[in-house]
Amino acid sequence: MESLHRAHPPEPGTAGPHYGCVGVGVGPANLSLASLLHGDPDLTSLFLDQREDFGWHDGQQIPGASLQVSLFKDLVTLADPTNKFSFLSYLHEQGKIYHYINAQFDAVPRQEFRNYLVWASKKNENVAFGEKVLSVDFDGVFVVRTSRRTLTADHVVLGVGNRPWVPPLARPLLGETQFHVSDFMRRAKGLAGLRVAVVGGGQSGAEAFLDVISRPEGERPRQVNWISRRANFFPIDDTPFTNDYYMPGFSDHFFALDRKSREAFLTDQVLTSDGISADTLRAVYQRCYAHRFIDGNQELTGLYPGRAVTQVARGADGAGWDLTLVPADRSGPSERIAADVIVWATGFRPAPLDMLAPLTDRLAWEDGELAIDQDFAVRWDGPPRHHLFVQNGARRQRGLADPNLSLVAWRSRRIADRMLGVKTDDPYASFVTWPPAADPAVEGFAEEFSGPADELSDVLHELTDDQLTEGV
C-alpha cells in the first residue's frame with residue numbers, strides 16, 4: 001500500500017480520552033472495521049454499543065437457517081486473509097475446524113455465524129458494550145458524549161444498522177398476537193390449533209412459514225397462510241454474473257450512476273439480494289406436498305402471492321384478526337383471511353441517527369440518506385482531515401450490497417485506509433465492463449444541506465420484504 005499521510009494528533013485544549021477513531025454501534029459492519037484496526041499502532045480506536053452484549057438477529061435465529069453468503073464473506077477475509085478475526089481463525093481457535101469441514105454444510109448455519117461474531121466482539125478489547133452514544137458534535141475534533149463519559153476523536157464511524165419495520169397499519173396493533181419476525185423466537189410459541197398469517201415474501205418470511213408448518217402435530221397451528229406482495233415466491237439469483245453486483249468495482253460503478261438509474265437498478269435487481277434460497281423454497285414445497293397429499297391435511301397451508309395487506313381489524317367475534325388483501329397491482333377484488341397470530345416479515349429500515357442532532361445542519365443529505373463520497377465519508381462543511389463515516393446506511397448511493405455482508409470487509413478496508421492515509425489496491429476488476437457512468441460529484445451535491453427526508457420513498461419500501469444484512 002502507498003502511504004499518503006498519517007493520522008493527525010488531537011487539537012490542543014481538548015479534554016477526555018482521545019482516539020483516532022470512535023465507532024458508534026457494534027454490528028457486523030463496525031465489528032469488521034474494529035477487527036481490521038485491531039493492533040494498528042497508527043490509529044487508536046474504540047467501538048461502542050448501547051446493548052449489554054453482542055446481538056445479531058437473535059430473535060430470528062430459527063434452527064436450520066443458513067446464511068446466503070460464502071463463509072469467506074466474514075468480517076475480514078476478503079480484505080485481509082491473514083487477520084486473526086477471520087471465520088477460519090474462529091473455527092481453529094475453537095478446536096472444531098475439522099468437524100466443520102466434515103459436516104459438509106451447504107451454507108454456514110446462521111447460528112454458527114452469530115457465534116463467530118460474538119467471539120470476535122469478545123476477543124477485541126477495543127469493543128465496549130453497555131455504553132450508549134448520546135451525541136456527536138465537533139469542536140476542533142469530534143466530541144462524543146456517551147452515557148458514561150465524554151470522548152474525543154479524529155474520526156467517527158456510524159454503524160448503527162437497521163431496525164425492524166412494519167407497515168403503519170400494523171404499528172398500533174403490535175403485541176403478543178402481532179409481532180415482527182425479528183421477535184419470532186420469543187413470541188412464536190403456543191401456536192397449536194391457532195390460525196397464523198405470515199406477511200412478507202423474502203427469506204425471513206419463508207423461514208418463519210417453514211418453521212411453523214414443520215412443527216410436530218401437537219404443536220402445529222391448524223392453518224398457516226403466507227402472504228406476499230410479490231407475484232410469486234421467488235428464489236434469490238445466485239448465479240456468477242449476478243454475483244458481480246456484489247464486487248467492489250460494481251459498488252463504485254453504482255455510486256457513479258445518476259439517481260434514476262440507481263432506482264431502476266434497485267427495483268429490477270432486488271431478487272439478487274432479497275430472494276429466497278432455493279433450499280428453503282424446496283423445503284417449503286415438499287412440506288406443503290406432505291401435508292396435503294401424504295397426511296391428507298387439506299386446510300393447513302395457504303399461499304397468497306401478489307397480495308398487499310391493506311387493513312387489519314379485530315375479528316367479527318372479537319377474537320383474532322381479519323386481514324384484508326388486495327391484488328398488489330390493484331387489479332382485482334379484495335379478499336379476507338382470518339388469523340389469530342400475525343408474523344410481519346416485512347424487513348428492516350435504517351435506524352435513526354439522533355446522536356447527530358448537534359451536526360445536522362452541517363451534513364449533506366441525499367434522498368433521506370447522509371450523502372457520502374467514494375470512501376463512505378459524509379459530505380459536510382467541517383475540516384477535510386476529520387471524517388464522519390457511514391456503514392450500512394447508503395443503499396441508494398451504494399446499491400444492494402450496502403446492507404449486506406458481501407462487501408463488509410472491503411468497505412471497512414476503504415474506510416480504514418482513508419483514516420490512515422493509505423491506499424490499498426482493490427481486487428482485480430470484474431470480467432464485465434459496465435456501461436460508462438456520470439461523475440458522482442455532479443449528482444451527489446444536488447441536495448446538500450437540505451436535511452434528511454422524513455420517510456424513505458415508496459421505492460425502497462417495495463424492495464425489502466427481508467433484509468438480514470446478508471445478500472449474495
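Every value quoted in this text rests on a predicted model; they were computed, and no experiment measured them.
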Without swapping roles, check the side chain of Arg114 against the backbone of Gln61 for a donor-acceptor pair under 3.5 Å.
-> no
Please work out whether the ring planes of Phe389 and His155 are parallel, tilted or perpendicular, with thresholds of 30° and 60°.
-> tilted
When rounded to the nearest 0.5 angstrom, what is the spacing between OG in Ser32 and CZ in Phe85?
-> 11.0 Å
Atom pair OG1/CH2 of Thr360 and Trp380 - distance to nearest 0.5 Å = 12.5 Å
Lys84/Glu93 ion pair, N-O < 4.0 Å | no
Heavy-atom side-chain contact between Tyr116 and Leu91 under 4.5 Å | no
Measure from the ring center of Phe254 to the ring center of Trp434 and say whether it is less than 6.0 Å.
-> no
Asp237 backbone acceptor or donor facing Thr272 side chain under 3.5 Å | no
Begin with the C-alpha distance, continue with both residues' side-chain angles, and end with the deciding distance and a verdict on side chain to side chain contact (heavy atoms under 4.5 Å, CB included) for Thr77 and Leu88.
-> CA-CA 9 Å; Thr77 296; Leu88 291 181; over 6 Å; no
Between the CD atom in Gln269 and the CG atom in Leu400, the distance rounded to the nearest 0.5 Å is 7.5 Å
So, for Gly55 and Asp58, which heavy atoms are closest and what is the spacing to 0.1 Å?
-> CA-OD2, 3.5 Å
Please test Asn115 against Glu112 for side chain to side chain contact (heavy atoms under 4.5 Å, CB included), starting from the C-alpha separation and ending with a verdict.
-> CA-CA 5 Å; Asn115 293 341; Glu112 179 69 308; 3.5 Å; yes
Presence of salt bridge, Asp154 and Arg385, under 4.0 angstrom | no
Please determine if Lys260 and Asp258 form a salt bridge, counting it only when a charged side-chain N lies under 4.0 Å from a carboxylate O.
-> no
Worked verdict on Asp211 versus Phe184 for side chain to side chain contact (heavy atoms under 4.5 Å, CB included) | CA-CA 10 Å; Asp211 177 83; Phe184 185 84; 3.4 Å; yes
Shortest non-hydrogen contact from Ala206 to Ile276?
-> CB-CG2, 3.7 Å
Could you tell me whether a side-chain N or O of Ser86 sits under 3.5 Å from a main-chain N or O of Val76, the two making a donor and an acceptor?
-> no
Is it true that the side chains of His38 and Glu125 contain a donor and an acceptor less than 3.5 Å apart?
-> yes
Do side-chain atoms of Asn30 reach the backbone of Val24 as a donor and acceptor pair under 3.5 angstrom?
-> yes
Here the gap from Ser121 atom OG to Asp49 atom CG, rounded to the nearest 0.5 Å, amounts to 9.5 Å
Scanning both residues in full, the closest heavy-atom pair of Val133 with Met355 reads O-CB, 3.9 Å
Carefully, step by step, assess Arg396 and Glu366 under the rule side chain to side chain contact (heavy atoms under 4.5 Å, CB included).
-> CA-CA 9 Å; Arg396 292 181 175 183; Glu366 181 176 331; over 6 Å; no
Indicate yes or no: at least one non-hydrogen side-chain atom of Phe233 is less than 4.5 angstrom from one of Pro235.
-> no
Enclosure of Asp106 CG (heavy-atom neighbours >12, cutoff 6.0 Å) | no
Does a salt bridge link Arg413 with Asp80, judged by any charged N lying under 4.0 Å from a carboxylate O?
-> no
For the side chain of Arg163 and the backbone of Ala351, is there at least one donor-acceptor N/O pair under 3.5 Å apart?
-> no
Do Arg186 and Phe179 have side-chain heavy atoms sitting under 4.5 Å apart?
-> no
What is the minimum heavy-atom distance between Ala409 and Ala79, and which atoms define it?
-> O-CB, 3.5 Å
Which heavy atom in Trp344 sits nearest to a heavy atom in Leu169, and how many Å separate them?
-> CH2-CD1, 4.0 Å
Any donor and acceptor pair, going by atom type alone, linking the side chain of Asp274 with main-chain N or O of Gly202 inside 3.5 Å?
-> no
Would you call Asp137 and Arg145 a salt bridge, using N to O less than 4.0 angstrom?
-> no
Side-chain contact test, heavy atoms from C-beta onward, threshold under 4.5 Å: evaluate it for Trp410 versus Ser251 and give yes or no.
-> yes
Would you call Arg411 and Gln391 a side-chain contact if the rule is heavy atoms closer than 4.5 Å?
-> yes
Validation row: Asp373, Arg418 side chains within 4.5 angstrom (heavy atoms) = yes
What's the shortest heavy-atom distance between Ser273 and Ile236, and which atoms?
-> O-CD1, 4.0 Å
State whether Asp417 and Arg414 are salt-bridged, where the test is any N-O pair (Lys NZ or Arg NE/NH1/NH2 against Asp/Glu carboxylate O) under 4.0 Å.
-> no
Would you call the rings of His253 and Phe250 parallel, tilted or perpendicular, where under 30° means parallel and over 60° means perpendicular?
-> tilted
Scan Tyr90, Phe105, Phe113 and name whichever one has a ring-ring contact (aromatic ring centres under 6.0 Å, His included) with Tyr100.
-> Phe105
Side chains of Ser70 and Phe87 in contact at under 4.5 Å (non-hydrogen atoms) = no
So OG1 of Thr152 and CZ of Phe142: to nearest 0.5 Å the spacing works out to 11.5 Å
Atom CD1 in Ile101, atom NZ in Lys96: separation rounded to 0.5 Å?
-> 13.0 Å
Is any side-chain N of the basic residue among Arg398 and Asp252 closer than 4.0 Å to the acidic one's carboxylate O?
-> yes
Look at the side chain of Asp402 and the backbone N and O of Gly393, then say whether any donor-acceptor pair between them is shorter than 3.5 Å.
-> yes
Ser412 side chain to Val408 main-chain N or O, any donor-acceptor pair under 3.5 Å?
-> yes
Just by distance, do the side chain of Glu131 and the backbone of Arg148 share a donor-acceptor pair under 3.5 Å?
-> no
With a 4.5 Å heavy-atom cut-off, do Tyr246 and Asn404 have their side chains touching?
-> yes
Under the 3.5 angstrom rule, does the side chain of Gln203 hit a backbone N or O of Ser277 as a donor-acceptor pair?
-> yes
